[in-house]
Amino acid sequence: MKPYSTLFFDVDNTLLDFRAAEDQALHKLFASQHVPLTDRIMAHYRRINQGIWQVIEQGKADRDSLLNKRFSRLFRHYGKRVDGPAMEKKYREYLSEGHQLVDGALEMIRLLHNRYNLYVITNGVRSTQLRRLRDSGLLPLFRKIFVSETAGYQKPMRAFFDYAFARVPDFSKDQALMIGDSLSSDIKGGYLAGLDTCWFNPDGVQNTGQYAPTYQMKRLVELKGILGGPGGGPEFRNL
Ligand SMILES: [Mg+2]
């Protein structure tokens, strides 16, 4: 166990409950179109969206043009023509209103921010992510927020991590830890960038990925043990 000084956190489904924010935004979007949002449509949307983000993560296609099509594709399937980019814009506005915290996230970040240099590294839209972090109370506890939209790269790309490292004062890879829920972006990206990684795996799913995290936890509170173990900050052992 290393004495870490710098912690990089993912946002969605690590600190903020993206599923809750997404559900709320989709309900508002469908209500605005006077279309009832059924479980079947919701599941269909998740399939379309997951496919799109897989392509984006692989760096194979332009992110904005794909996102601008996700709602026109979905609504077309149910016989309604909508303006894709306009719907996307509306959806992002609704999404930015959702800032439900993952259990224990604010308490843990409050605890950590005086002892560690905390950074966010997130794939997403800058204005959306900043607003959600601000409204949840998390924003002032982080030194900087790195958003893929601004960087021009996304996790798991090595370039996104290098972009962040270049903006962290006195950065040392050996003392940094990447914490996130996604094997394909956080754990793979952190590993390829040369960081130790901590996989937040609340549902206890099996790791089917190619990259093994350095640590794994089911609840955020377990970070205390991970950071406060042998070689970790001694002040942490009694928390
Ligand atoms: Mg995530």
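Every heavy atom of this structure was used, including side-chain atoms; hydrogens, water molecules and symmetry mates were not.
In this structure, the side chains of H77 and I48 stay at 4.5 Å or more apart for every pair of heavy atoms. Inter-residue side-chain proximity for E97 and R131 is flagged as met; some heavy-atom pair is nearer than 4.5 Å. Counting only heavy atoms from C-beta outward, the side chains of F18 and D181 never approach each other to under 4.5 Å. Considering only heavy atoms from C-beta on, L177 comes within 4.5 Å of L227 through its side chain. K155 places a side-chain heavy atom less than 4.5 Å from the side chain of F161. Side-chain contact check for F171 versus N117: every heavy-atom pair is 4.5 Å or farther apart. Looking only at side-chain heavy atoms (C-beta outward), F8 and V168 come within less than 4.5 Å of each other. Residues L67 and W53 meet the side-chain proximity criterion, which asks for heavy atoms closer than 4.5 Å.
Without hydrogens or angle criteria, Q58 side chain to V55 main chain gives no donor-acceptor distance under 3.5 Å. Between the side chain of S136 and the backbone N or O of L133 there is at least one donor-acceptor pair closer than 3.5 Å. For T197 (side chain) and T214 (main-chain N/O), a donor-acceptor pair under 3.5 Å exists by modelled atom type. Judged purely by atom type and a 3.5 angstrom limit, T122 has no side-chain atom pairing as donor or acceptor with the backbone of V147. A donor-acceptor distance shorter than 3.5 angstrom exists from the side chain of H113 to the backbone of R110, with no hydrogens or angles considered.
Ring geometry, H44 versus Y78: the interplanar angle exceeds 60°, so the pair is classed perpendicular (tilted spans 30 to 60°). Between F30 and F75, the two ring planes are parallel [angle under 30°; tilted spans 30° to 60°].
W199 pairs with exactly one of V205, I179, D186 by the side chain to side chain contact (heavy atoms under 4.5 Å, CB included) rule, that one being V205.
Connection of F146 to L141 is not established within any shared hydrophobic cluster, with ILVMFWY side chains joined at heavy-atom distances below 4.5 Å, either directly or through further cluster members. No single ILVMFWY cluster, assembled from side-chain heavy atoms under 4.5 Å apart, contains both L130 and F160. In the hydrophobic clustering of ILVMFWY residues, with side-chain heavy atoms under 4.5 Å counting as a link, V11 and L112 come out together. Both L95 and L74 belong to a single network of hydrophobic side chains, linked directly or stepwise wherever heavy atoms of I, L, V, M, F, W or Y lie under 4.5 Å apart. In the hydrophobic clustering of ILVMFWY residues, with side-chain heavy atoms under 4.5 Å counting as a link, F142 and F200 come out together.
Atom-to-atom distance recorded for E22:CD and Y91:OH is 4.5 Å, nearest 0.5 angstrom. Expressed to the nearest 0.5 Å, how far CG of D83 lies from CD of E88 amounts to 11.0 Å. A distance of 5.5 Å separates CG of L138 from CG of L101, quoted to the nearest 0.5 Å. Atoms CG and CZ, from N13 and R19 in turn, are 8.0 Å apart once rounded to the nearest 0.5 Å.
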- request: Report the C-alpha separation of R70 and M87 in whole Å, then their side-chain angles, then the decisive distance to 0.1 Å, and conclude whether the side-chain contact (heavy atoms from CB on, under 4.5 Å) test is met.
  value: CA-CA 9 Å; R70 59 181 164 177; M87 290 293 276; over 6 Å; no
query: Given the rule in the side-chain contact (heavy atoms from CB on, under 4.5 Å) test, do R115 and L111 qualify, once you have shown the distances and angles that lead to the verdict?
result: CA-CA 8 Å; R115 297 174 171 86; L111 196 64; 4.1 Å; yes
message: Please evaluate residues R73 and Y45 with respect to the criterion side-chain contact (heavy atoms from CB on, under 4.5 Å), reporting the C-alpha separation (whole Å), side-chain torsions for both, the decisive distance (0.1 Å), and the verdict.
response: CA-CA 9 Å; R73 266 173 68 187; Y45 168 75; over 6 Å; no
task: Check step by step if side-chain contact (heavy atoms from CB on, under 4.5 Å) holds for I226 and C198.
output: CA-CA 9 Å; I226 289 168; C198 178; 3.8 Å; yes
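G209 and L183 make their closest contact through N-CD1, 4.3 Å (heavy atoms, listed as atom of the first residue, atom of the second, distance). Nearest approach of S96 to D135, heavy atoms of both residues: O-OD2, 4.3 Å. Nearest heavy atoms, S32 versus K90: OG-CD, 3.7 Å. Of all the heavy atoms in K218 and E222, the pair that sits closest is N-OE2, 3.1 Å. Taking every heavy atom of both residues into account, G124 and R63 meet most closely at O-NH2, 3.7 Å. Taking each heavy atom of S185 and N123 in turn, the nearest pair found is CB-ND2, 4.3 Å.
Remark: Y153 OH is loosely packed, at most 12 non-hydrogen atoms of other residues, nucleotides or ligands lying under 6.0 Å away. Heavy-atom neighbours of D62 CG from other residues, nucleotides or ligands within 6.0 Å: above the threshold of 12. More than 12 non-hydrogen atoms from other residues, nucleotides or ligands lie less than 6.0 angstrom from NZ of K144. The 12-atom threshold is not exceeded at OH of Y191, counting heavy atoms of other residues, nucleotides or ligands nearer than 6.0 Å. Atom CZ of R134 is surrounded by more than 12 heavy atoms from other residues, nucleotides or ligands within 6.0 Å. Annotation for D103: atom CG does not count as buried by contact number, only 12 or fewer foreign heavy atoms lying within 6.0 Å. Sparse packing is recorded around CD of Q50, with 12 or fewer heavy atoms of other residues, nucleotides or ligands lying under 6.0 Å away.
For the residue pair Y4/D196, the side-chain donor-acceptor check at 3.5 Å is satisfied. Side-chain polar atoms of S148 and Q154 form no donor-acceptor pair below 3.5 angstrom. When only modelled atom types and interatomic distance are considered, R132 and Q129 share a side-chain donor-acceptor pair under 3.5 Å.
A salt bridge links D23 with R46: at least one charged nitrogen is closer than 4.0 Å to a carboxylate oxygen. Contact check on K28 versus E93 returns no salt bridge, with no Lys/Arg side-chain nitrogen under 4.0 Å from an Asp/Glu carboxylate oxygen.
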